[in-house]
Amino acid sequence: MAAPELLNLGFEFVEIFAFIVLATVGLAVIFGMMGIINLAHGEFILVGAYATSFAVAAGLPLAVAMAVGVVATAAFGLVLERFIIRRLYGRLLDSMVVTWGISLVMIQLTRIAFGNTAPGVGIPFGQLPVVDGPVYYLVLAVIAVGVLGGLYALFTWTDFGVRARATMQDEETARSMGVDTDRMYMATFAIGSGLAGLTGALYAPVMTVTPEYGTSFLVESFVAVVVGGSSVLLGTILASGFLGTVNAAFTNLAGTFMGQVAMLVAAIVAIRLMPDGITGLLSDLREKWGESE
Amino acid sequence: MLELTNLRASYGKTPILRGVDVTVDEGEIVGVMGKNGVGKTTLIKAVVGLLEADEGTVVFDGEDVTDEPADVRARRGMGYIPQGRDVFPELTVEENLRMGETINEGDDRLQYEAVYDYFPILEERRDQEAGTMSGGQQQMLAIGRALIGNPELLLLDEPSEGVQPSIVQDITRDLRSVNEEVGTTICFVEQNLHVVQNLAERCYAIDKGEIVDELGPDRLESRDAVTEYLAV
């Protein structure tokens with residue numbers, strides 16, 4: 001393979017990896033940590049994109065507009081958690097039905113309120129000199145890695161993170177340790193929502209923002225969460241790396257459509273072979289090695 | 001320190017506690033013993049606030065806390081060790097201990113050194129996931145976690161359950177040391193004869209949700225007096 005082709009393949013991988021990571025992180029926190037199957041995840045992304053688009057149209061600089069998108073989605077998630085979602089913890093099927101309903105209502109409300117498209121947002125930073133693609137995709141990849149690092153730091157090193165993880169594992173015991181678990185659920189859901197909003201905001205410049213905008217992220221996010229398994233961050237990284245590699249390789253060989261098909265086939269095979277996801281398999285292997293030592 | 005008056009609590013429509021009166025003075029070690037299913041766990045959950053009382057009062061440190069949620073009571077200084085330990089399995093030992101820092105909010109003296117002195121295994125395994133430890137080690141972790149925040153009152157729900165007898169003896173000895181050295185008041189529910197006789201200074205007997213007897217130090221020494229209320 002010639003150098004330009006290798007560069008293109010590398011760029012393709014970086015672009016798809018960033019897309020899967022950013023599409024997944026919000027869902028990974030809400031589904032992976034909190035056990036809520038949030039079928040309205042795409043519409044949380046939609047809120048971030050619309051808020052960003054309208055903020056840019058109102059004259060705000062892109063970075064500030066994106067921050068508006070994140071804050072608006074986190075606030076939206078906070079309100080939703082407070083009034084609806086908190087009644088659904090531990091009720092997987094109910095959470096699916098309710099969030100699916102929320103998703104349908106939001107798509108139609110968006111169409112009624114704002115029409116079929118949001119104001120356009122230009123792609124910043126221009127084109128790459130060597131590879132056929134915008135610099136912005138590399139920025140997205142850097143942000144994706146930064147988000148993963150930030151989440152790791154938040155949930156591992158801070159008191160908030162330890163308390164949030166403890167609350168999701170055993171709410172009653174966490175409460176008896178003095179943790180206000182209602183507030184933990186609210187804050188964690190707001191973080192997951194804010195991350196979805198960030199994804200919507202970041203992709204507003206490169207995708208047409210319509211009421212169905214969120215559905216473009218749903219397949220990758222759910223597939224990556226399931227393939228990744230129970231460990232939120234490691235699962236997201238490994239699943240994004242695996243699915244991104246397959247998608248990029250086949251996109252490079254046979255086009256975007258075949259890249260998507262190959263990624264979904266790889267996901268089906270992965271779930272068949274690793275029912276608990278990649279991190280579930282790693283955990284089983286670690287236990288076996290621990291026993292044999 | 002702790003005063004329960006006519007405490008009644010139920011699960012759904014089934015009444016479990018039928019008017020419990022218990023007093024624990026500062027610095028004491030008080031037990032509540034009884035057979036399976038007589039209301040011991042319900043009693044301790046009602047005290048820590050994990051179960052709402054139907055009637056009666058829970059007074060802690062002179063304040064009526066009956067209507068306060070569990071997290072507020074913990075921040076006032078109640079350290080709780082649940083039945084079956086309930087450590088957070090996917091958190092490391094050290095992260096589990098950090099969870100105890102929220103207990104007794106007003107007192108910012110953290111007891112890491114003391115906890116590691118009582119249970120050196122916790123320091124050795126501070127980076128290990130708690131769920132991978134043995135039952136006895138998890139019990140030590142649960143006690144250590146509750147002690148970290150320097151609680152005024154330590155409440156234990158059957159600390160001997162699922163723990164091998166030699167470890168039960170160690171834990172009993174360590175709890176006595178905590179009481180003597182740190183001055184922590186201890187209240188526990190139990191059906192293990194060894195723990196009741198070797199830990200309690202005074203012990204209530206509970207049956208069918210009611211306190212039916214109170215045993216002082218003399219009667220606690222008599223195996224017959226104690227086994228009358230236990231399934232031994």
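Residue numbers begin at 1 in each chain, while the letters A, B, ... track the order of the sequences. Quick caveat, the model's predicted, so the values are computed rather than measured.
- Residue Leu51(B) comes nearest to Ser10(B) through the heavy atom pair CD1-O, 4.0 Å, listed as atom of the first residue, atom of the second, then distance.
- By the 4.0 Å N-to-carboxylate-O rule, Glu123(B) lies close enough to Arg126(B) to be salt-bridged with it.
- Aromatic ring pairs are classed by plane angle as parallel below 30°, tilted from 30° to 60° and perpendicular above 60°; the pair Phe19(A) and Phe217(A) is parallel.
- Judged by distance alone, the side chain of Arg73(B) and the main-chain N or O of Val47(B) form a donor-acceptor pair under 3.5 Å.
- Per-residue heavy-atom pair counts under 4.5 Å with chain A were compared for Arg76(B), Glu101(B), Arg98(B), and the maximum is reached by Arg98(B).
- Interface check for chain A: of the options Pro82(B), Gly79(B), Pro89(B), Gly49(B), the most heavy-atom pairs under 4.5 Å are formed by Pro89(B).
- Looking at Thr181(A), there are no atoms closer than 4.5 Å to chain B (heavy atoms on both sides), in backbone or side chain.
- With a 4.5 angstrom heavy-atom cutoff, Pro151(B) does not touch chain A via any of its atoms.
- Contact tally against chain A (heavy-atom pairs below 4.5 Å) for Leu91(B), Ile103(B), Val48(B): the top residue is Leu91(B).
- The part of Glu129(B) that comes within reach of chain A is its side chain, from C-beta onward, which places non-hydrogen atoms under 4.5 angstrom from that chain.
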Decide yes or no on side-chain hydrogen bond (donor to acceptor under 3.5 Å, both in side chains) for Asp127(B) and Thr92(B), but give the supporting numbers first. CA-CA 5 Å; Asp127(B) 295 323; Thr92(B) 64; 5.4 Å; no
